[in-house]
Amino acid sequence: MEIAGVALQPGDGVVVPLGLANRDPEIFGDPDRLDLARATARRHVAFGYGIHQCLGKPLARAELQIVLPEIFRRLPKLCITVPLEEIDFKQNTFVYGINTLPVAW
Ligand code: HEM
């Protein structure tokens, strides 16, 4: 088969960037807008998919459900202090993230 002009041979590997899949406009309309209630939200692949899907997924979800409400309860004025363009995003990594995030509270 061929993907984007590249002919694949039997046995070739294909690595799909998860961040790209999570911003597929055919699945997630207006993909750069944070919309936790979007109807297709459950179709994200942030934890991977298939046999190597993240083993820590239930723990990660529990931690986030506990930490996020608590941090905003304790620090109601928490905010990012630099514009988006100055945030130090990780480059060349499989899992999306940032190196530093200057904040104030
Ligand atoms: C928000 C937090 C997390 C995210 C976004 C995340 C995401 C991922 C992703 C994308 C993979 C790779 C899937 C692949 O190879 O195709 C993975 C694998 C894995 N994760 Fe996580 N993870 C998180 C938290 C955790 C935690 C808290 C643990 C353990 C305490 C954990 C343990 C693992 C393990 C053991 C694998 C390898 C599974 C395998 O290869 O069979 N993860 N995770």
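Residue indices begin at 1 and follow the sequence shown. Remember, it's 1-based here, ligands and their atoms both numbered in the order they're listed. It should be emphasised that the depicted structure is a prediction, and the values quoted were computed from it without experimental measurement.
- With rounding to the nearest 0.5 Å, the separation of NZ in K57 from CZ in F47 is 7.5 Å.
- Take a cut-off of 2.8 Å around atom 21 (Fe) of ligand 1: the protein N, O or S atoms inside it are C54 SG.
- Atom OH of Y49 is surrounded by 12 or fewer heavy atoms from other residues, nucleotides or ligands within 6.0 Å.
- Set against the non-hydrogen atoms of L18, the atoms of ligand 1 under 4.0 Å away are 10 (C).
- Checked by distance only, ligand 1 and Q53 stay at 3.5 Å or farther apart across all their nitrogen or oxygen atoms.
- Going from atom CZ of R43 over to atom CD1 of I27 covers 4.0 Å, rounded to the nearest 0.5 Å.
- F28 has its side chain out of reach of R23: every pair of non-hydrogen atoms, C-beta onward, lies at least 4.5 Å apart.
- Nearest protein heavy-atom neighbour of atom 13 (C) of ligand 1: H52 O, 3.2 Å.
- Interatomic distance, CG of L8 versus CD of E2, reported as 8.5 Å (0.5 Å rounding).
- Listed by atom number, the atoms of ligand 1 under 4.0 Å from L59 heavy atoms are 30 (C).
- Within a 4.0 Å radius of atom 37 (C) of ligand 1, the protein contributes no heavy atom.
- With values rounded to the nearest 0.5 angstrom, E86 atom CD is found 10.5 Å from T100 atom OG1.
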For residues 74-82, dump all side-chain donor-acceptor pairs below 3.5 Å to protein atoms at least two apart in sequence or in another chain.
from: R74; atom 1: NE; to: E70; atom 2: OE2; distance (Å): 2.8
from: R74; atom 1: NH2; to: E70; atom 2: OE2; distance (Å): 3.4
from: T81; atom 1: OG1; to: P102; atom 2: O; distance (Å): 3.2

| message | Walk me through whether D88 and I98 qualify under side chain to side chain contact (heavy atoms under 4.5 Å, CB included). | response | CA-CA 6 Å; D88 183 16; I98 53 177; 5.9 Å; no
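- The atoms of ligand 1 that sit less than 4.0 Å from any heavy atom of A46 are 5 (C), 7 (C), 10 (C).
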